[in-house]
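See structure below.
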Amino acid sequence: MTQSKSMKQLSSQFFENNGPLKGINICVIGGGFVGLASAAGFAQFGHAVVCVEKDSRRLEQLMKGQLPFFEPELEELILRSIQAKRLSFTADLRQAIKGQRAIFITVGTPTGADGRTDLSALEEVTLSLSEVLEPDQIIVLKSTVPVGTGKHIESILSQNGRKNKPFAVVNNPEFLREGNAVNDFFRPQRIVIGGSVSEAVELVANIYKLGMSQPVPFVITNNETAEMIKYASNAFLAAKVGYVNELAGLCDLLGVNVLEVARAIGLDPRIGSEFLEPGPGWGGSCFHKDLKEFSGLAESKGYSLLITAAVLASNDRQHNLVVEKIKKLVGTLKGSKIGVLGLAFKANTSDVRESPAIAVVKNLLEQGAKVTAFDPKANGAAKEHLPALEIAESPYDTIRDSDCLVILTEWREFQLLDFKLIFETMRRPNIVDTRNLLTPELLSRFGFNYTGMGQT
Ligand code: NAD
């Protein structure tokens, strides 16, 4: 592969669509949230996709067209793609990459023991690829990877027999949100592609252009900048949520309504209205690990990301503030019965990784409370994290005879519960609504002691 076309030529706000595009052969390694949304999305674009998953239980489900977790619309998309014979699943990496043009890697990049990113899954895949890569195949890093990883992967491949054999490593970080992954895949706000081999970058851009029904801003850059963009984006988003959470805390003390404050400040386009909803703290598989990596990276260069470090500390405090709100209503936690609604880190997902609900429940259990919980989709995953947690069959079973109802995930169906009935079955009518999901005036009319976030 040559670097014939200048990267500047490729860089434009709207990537021009010049000429007919054809489906290409793609391999996606890793059948998780990102891998499956990408694999099914690319198949829907008209590409032929093979997805490699090493977990045998997960693979078995995927081969039957079953999604191993809850993500709206994704299972239907996978099934349609399998039926159209444009998507298949395998554990055999060697076979899977035969004849593919682009190999997307979407394996997990969790926090390691040293607080920095553990790249072992990615390195393992790279070593396997080094044995079987065909000439001119393009490796696309879709996993979130520390700045410098693209070059690191290139050097692993060069040191393991690929020297003087053409290959290219491109970064294409993913920005989808769980709970909205399918929509985000088909309607992204931008597509970031970083690499030094222009044909490889162009091919990755074409993979998207084939399926996009509307113009999408492309950011074409080098590997390191693409890697940095993903961390910069997540650190900013976490800071925004952290900020509104801190505002809510202060509003509680001053008797000011944070919702009115958030609405008003969000009307300023420099601030923007999204991500200004106070809650029990942000969660999910990405923010925590990405902010840790970002801070660690800065420190390794003798620099401090003071805001990022504060955002991490502020989020931990938020979990404690929720527990304090519960204590304020019930008195001592020891022996109290707490009914929890919501365990997923946000609505519309079954994912409990770094869920604030799990942190809060753990704290309650440690302080001697008896906790019963219910989540529409995340009961099984939560039980794996917290075996001591009692899971109820329904929201009403969770709340019956409890001293406090705590809402920790913003599932809309919790708004539709019969609160008159709930009032009658609770031991003490206390509600801590960490998502400001319910209407305080209505609940007060029933006789509840209601506490939201920043709404006292
Ligand atoms: P995940 O843990 O849900 O999925 C990873 C999958 O890869 C698992 O199914 C695992 O079994 C599989 N895997 C691991 N090693 C493998 C191997 N050698 N061969 C084949 N399969 C293998 O992870 P995820 O949430 O999809 O995240 C993947 C990456 O994308 C991470 O870097 C993450 O930071 C990033 N990301 C995630 C999200 C999100 O919302 N989940 C959003 C944007 C970016």
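First listed ligand is number 1; within each ligand, the first listed atom is number 1.
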Check: What is the closest protein heavy atom to atom 35 (C) of ligand 1, and at what distance does it sit?
Finding: Thr144 OG1, 3.4 Å

Note to self: Are any of the N/O atoms on Gly108, whether in the backbone or the side chain, positioned under 3.5 angstrom from an N/O atom of ligand 1?
What the structure shows: no

Note to self: Give the atom numbers and elements of ligand 1 that come within less than 4.0 Å of a heavy atom of Cys286.
What the structure shows: 34 (O), 36 (N), 37 (C), 38 (C), 39 (C), 42 (C)

Check: Using the ring of each side chain (for Trp, its six-membered ring), is Phe42 parallel, tilted or perpendicular to Phe104, with breaks at 30° and 60°?
Finding: tilted

Next item on the list: Please write down residue, atom name and distance for the protein heavy atom closest to atom 7 (O) of ligand 1.
Entry: Gly30 CA, 3.4 Å

Checklist line | ligand 1 versus Val145: contacting region, heavy-atom distance under 4.0 Å | finding: neither

Item checked: N/O separation below 3.5 Å, Ile29 to ligand 1 -> no

Checklist line | Close approach of Lys289 to ligand 1, heavy atoms, under 4.0 angstrom | finding: yes

Item checked: Closest to atom 2 (O) of ligand 1 among Arg353, Glu71, Lys54 (heavy-atom distance) -> Arg353

Checklist line | Closest protein heavy atom to atom 43 (C) of ligand 1, given as residue, atom name and distance to 0.1 Å | finding: Glu174 O, 3.2 Å

Note to self: Just checking Gln189: does its CD atom have more than 12 heavy atoms from other residues, nucleotides or ligands closer to it than 6.0 angstrom?
What the structure shows: no

Item checked: Under-4.0 Å salt bridge between Arg116 and Asp114 -> no

Check: Which protein heavy atom lies closest to atom 42 (C) of ligand 1, and at what distance to 0.1 Å?
Finding: Leu176 O, 3.5 Å

Notebook entry, point to check: Of the options Arg80, Glu75, Glu73, which is the one that meets Leu77 in a side-chain contact (heavy atoms from CB on, under 4.5 Å)?
Noted result: Arg80

Margin query: Are more than 12 heavy atoms, taken from residues, nucleotides or ligands other than Arg263, located less than 6.0 Å from that residue's CZ atom?
Written below: no

Notebook entry, point to check: Any idea which of Val107, Thr126, Thr109 brings a heavy atom closest to atom 29 (C) of ligand 1?
Noted result: Val107

Next item on the list: Would you confirm whether Ser314, through its side chain, and Ala310, through its main-chain N or O, come within 3.5 Å as a donor-acceptor pair?
Entry: no

Note to self: Give me the nearest non-hydrogen protein atom to atom 4 (O) of ligand 1 as residue plus atom name, then the distance to 0.1 Å.
What the structure shows: Gly32 CA, 3.1 Å

Notebook entry, point to check: Considering distance alone, does some N or O of Glu53 sit under 3.5 Å from an N or O of ligand 1?
Noted result: yes

Checklist line | Salt bridge flag under 4.0 Å for residues Glu246 and Arg317 | finding: yes

Next item on the list: Within a distance under 4.0 Å of any heavy atom of Phe33, pick out the atoms of ligand 1 and give their elements.
Entry: 3 (O), 25 (O), 26 (O), 41 (N)

Margin query: Quiz question: by atom type and distance under 3.5 Å, do the side chains of Thr90 and Asp92 form a donor-acceptor pair?
Written below: no

Item checked: Part of Glu124 with heavy atoms under 4.0 Å of ligand 1, whether side chain, backbone, both or neither -> side chain

Item checked: Point-to-point distance, once rounded to the nearest 0.5 Å, from CZ of Phe185 to CG of Leu36 -> 12.0 Å

Note to self: What I want to check is whether the side chains of Thr149 and Glu227 have a donor and an acceptor closer together than 3.5 Å.
What the structure shows: no

Check: Just heavy atoms, cut-off under 4.0 Å: does Val125 contact ligand 1 by side chain, backbone, both, or neither?
Finding: side chain

Margin query: Tell me the protein heavy atom at minimum distance from atom 28 (C) of ligand 1, and give that distance in Å.
Written below: Thr106 O, 3.2 Å

Margin query: Take a 6.0 Å sphere around NZ of Lys383 and say whether it holds more than 12 heavy atoms from other residues, nucleotides or ligands.
Written below: yes

Checklist line | Nearest non-hydrogen protein atom, atom 41 (N) of ligand 1 | finding: Glu178 OE2, 2.8 Å

Margin query: Residue-level breakdown please: for Ser143 versus ligand 1, do any non-hydrogen atoms fall below 4.0 Å on the side chain, on the backbone, on both, or on neither?
Written below: both

Next item on the list: Could you tell me the residue and atom name of the protein heavy atom closest to atom 37 (C) of ligand 1, and the distance to it rounded to 0.1 Å?
Entry: Val34 CG2, 3.3 Å

Margin query: Once you measure the plane-to-plane angle for Tyr208 and Phe45, does it fall in the parallel (<30°), tilted (30-60°) or perpendicular (>60°) bin?
Written below: perpendicular

Next item on the list: Mark up the atoms of ligand 1 that fall under 4.0 Å of a heavy atom belonging to Ser285, in ascending order.
Entry: 41 (N)

Margin query: Less than 4.0 angstrom from a charged side-chain N to a carboxylate O is my criterion; do Lys362 and Glu366 meet it?
Written below: yes

Check: Taking distance alone, with no angle check, do Asp55 and ligand 1 share an N/O pair under 3.5 Å?
Finding: no

